[in-house]
Visitor: 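Once you've had a glance at the structure underneath, I'll fire off some questions.
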Amino acid sequence: MKTNKKSVPRIRSYKANGANPPIAMVTAYDAPSSHMASAAGVDIILVGDSLAMVVLGYDDTLSVSISDMAYHTMAVSRPKPDPLVVTDMPWMSYHTGVRDAVNNAAQLIRAGAEAVKLEGGANRVDVIKALVDAEIPVMGHLGLTPQSVHTFGGFSVQAKTREAAKMLLDDALAIEEAGVFSVVLEAVPDVVAAKATELLKVPTIGIGAGPHCDGQVLVFHDLLGLAFGHKPKFVRHYGSLGELGIKGLEGYVHDVKMRNFPSVEEGYQAGQGEFDGFSYERK
Ligand code: KIV
């Protein structure tokens with residue numbers, strides 16, 4: 001086992017403080033993004049069901065299946081990245097009973113995931129316990145859970161009232177008790193995320209949840225400027241790969257049109273005399 005390889009026990013016992021810097025988590029969906037995350041020193045790669053939106057062009061995350069998630073997990077795990085690989089259980093892969101959930105999670109583990117993530121609180125306790133009992137580590141996800149887009153009526157900030165915040169904290173404690181090794185908090189007020197971080201023994205990982213979590217997560221395409229749609233307020237751009245890519249493609253189109261590409265050196269030449277006197281007629 002490589003020494004930099006991040007494991008579930010290493011993450012489970014991790015709380016950020018003066019001496020411990022926050023956990024850095026990013027999504028990845030294929031081998032190149034997995035290589036990049038590993039080389040950059042990321043702690044956790046999430047093969048997120050955001051795949052549906054940023055890679056496959058859907059408006060929400062509901063259209064990806066367990067086989068889509070397994071396929072992309074295989075691509076991410078093939079380079080053997082140092083970060084822990086966690087894969088999202090997609091919508092309807094754990095909503096139809098504990099047995100379905102365990103069988104579906106097993107597909108992701110066999111594809112190379114080292115843990116799975118699922119959305120929900122007290123209503124998912126039975127599923128979380130069954131997965132943990134089957135030796136499948138589980139990351140929780142509370143707040144703006146994108147698989148609930150229709151229940152929420154859109155992608156909106158959650159836990160904005162005292163009542164809703166109490167419910168979120170009840171959920172956080174319930175899933176910790178059920179055995180999750182960390183909890184993603186998405187789009188909740190920073191004060192609520194700070195309270196959850198203080199209450200929980202396992203690390204919290206925020207996205208649009210303020211600076212007080214034990215870690216942060218962003219979507220690969222959002223942070224590198226590869227997403228062409230709506231940019232949420234909590235996204236910070238660390239690169240403009242979309243613009244760079246368009247510039248590169250424009251250069252390629254230009255060179256092809258101007259007969260500047262390829263050069264003779266960028267092709268293959270036959271051996272001396274090999275084609276002397278060669279002719280071929282259409283019959
Ligand atoms: O699917 C995803 O990318 C996620 C992150 C936003 C946490 O769940």
Visitor: Please say whether more than 12 non-hydrogen atoms of neighbouring residues, nucleotides or ligands are located less than 6.0 Å from CZ in Phe152.
Guide: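 Check passes, neighbour count above 12.
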
Visitor: Atom CG in Leu200, atom CD1 in Ile175: separation rounded to 0.5 Å?
Guide: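 The CG atom of Leu200 sits 7.5 Å away from the CD1 atom of Ile175.
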
Visitor: Between atom CZ of Arg124 and atom OG1 of Thr145, what is the distance when rounded to the nearest 0.5 Å?
Guide: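 Arg124 atom CZ to Thr145 atom OG1 measures 9.0 Å (nearest 0.5 Å).
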
Visitor: Donor-acceptor pair, Ser148 side chain versus Leu144 backbone, under 3.5 Å?
Guide: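 Flag not set: sc Ser148 to bb Leu144 has no pair under 3.5 Å.
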
Visitor: Quick check: does any side chain N or O of Ser33 sit under 3.5 Å from a backbone N or O of Ala28, one acting as donor and the other as acceptor?
Guide: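 Answer holds: no.
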
Visitor: Determine whether Glu250 and Lys247 satisfy the following criterion, salt bridge (Lys or Arg N to Asp or Glu O under 4.0 Å), listing intermediate values before the conclusion.
Guide: CA-CA 5 Å; Glu250 282 171 350; Lys247 276 209 175 70; over 6 Å; no

Visitor: Are more than 12 heavy atoms from other residues, nucleotides or ligands located less than 6.0 Å from atom CZ of Phe155?
Guide: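 Correct, the count exceeds 12.
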
Visitor: Name the orientation class of the two ring planes belonging to Tyr252 and Phe261 (parallel below 30°, tilted from 30 to 60°, perpendicular beyond 60°).
Guide: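 Rings of Tyr252 and Phe261: perpendicular, over 60°.
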
Visitor: Taking Ser93's backbone N and O only, do any of them form a donor-acceptor pair with Asn104's side chain (distance below 3.5 Å, no angle check)?
Guide: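 Checking the backbone N and O of Ser93 against the side chain of Asn104, a donor-acceptor pair under 3.5 Å is found.
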
Visitor: Can you confirm whether more than 12 heavy atoms, excluding those of Lys6, are under 6.0 Å from its NZ atom?
Guide: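 Count over threshold, so yes.
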
Visitor: Distance check, rounded to the nearest 0.5 Å: Ile205 atom CD1 versus Lys117 atom NZ?
Guide: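 Those atoms lie 10.0 Å apart.
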
Visitor: Could you verify whether a donor N or O on one side chain and an acceptor N or O on the other, from Ser50 and Thr27, lie under 3.5 Å apart?
Guide: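 Side chains of Ser50 and Thr27: no pair found under 3.5 Å.
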
Visitor: Does CZ in Arg110 sit with more than 12 non-hydrogen atoms of other residues, nucleotides or ligands closer than 6.0 Å?
Guide: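 It does not: Arg110 CZ has 12 such atoms or fewer within range.
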
Visitor: Test your reading of the model: is there a side-chain donor-acceptor pair from Glu119 to the backbone of Gln147, 3.5 Å cut-off?
Guide: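 Yes, because the side chain of Glu119 sits within donor-acceptor range (under 3.5 Å) of the backbone of Gln147.
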
Visitor: Taking Asn17 for the side chain and Ala19 for the main chain, is one N or O donor matched with an acceptor at less than 3.5 Å?
Guide: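 Such a contact is found between Asn17 side chain and Ala19 backbone.
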
Visitor: Whether the side chain of Lys5 engages the backbone of Pro83 through a donor-acceptor N/O pair (distance < 3.5 Å, no angle test) should be reported.
Guide: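 Side chain of Lys5 to backbone of Pro83, a donor-acceptor pair under 3.5 Å: yes, one is there.
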
Visitor: Answer yes or no: are there more than 12 heavy-atom neighbours, outside Lys129 itself, under 6.0 Å from its atom NZ?
Guide: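 No, not enclosed.
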
Visitor: Spell out, as yes or no, whether a donor-acceptor pair under 3.5 Å connects the side chain of His254 to the backbone of Gly251.
Guide: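 No, because the side chain of His254 does not come within donor-acceptor range (under 3.5 Å) of the backbone of Gly251.
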
Visitor: Quick one: does His141's side chain have a donor or acceptor within less than 3.5 Å of a partner on Val184's backbone?
Guide: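 No, His141 side chain to Val184 backbone: no donor-acceptor pair under 3.5 Å.
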
Visitor: For Asp59, look at atom CG and say whether over 12 heavy atoms of other residues, nucleotides or ligands are found less than 6.0 Å away.
Guide: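 Not more than 12 within 6.0 Å, no.
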
Visitor: Taking everything shown except Gln272 itself, do over 12 heavy atoms lie less than 6.0 Å from its CD?
Guide: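 At most 12 heavy atoms, drawn from other residues, nucleotides or ligands, come within 6.0 Å of this atom.
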
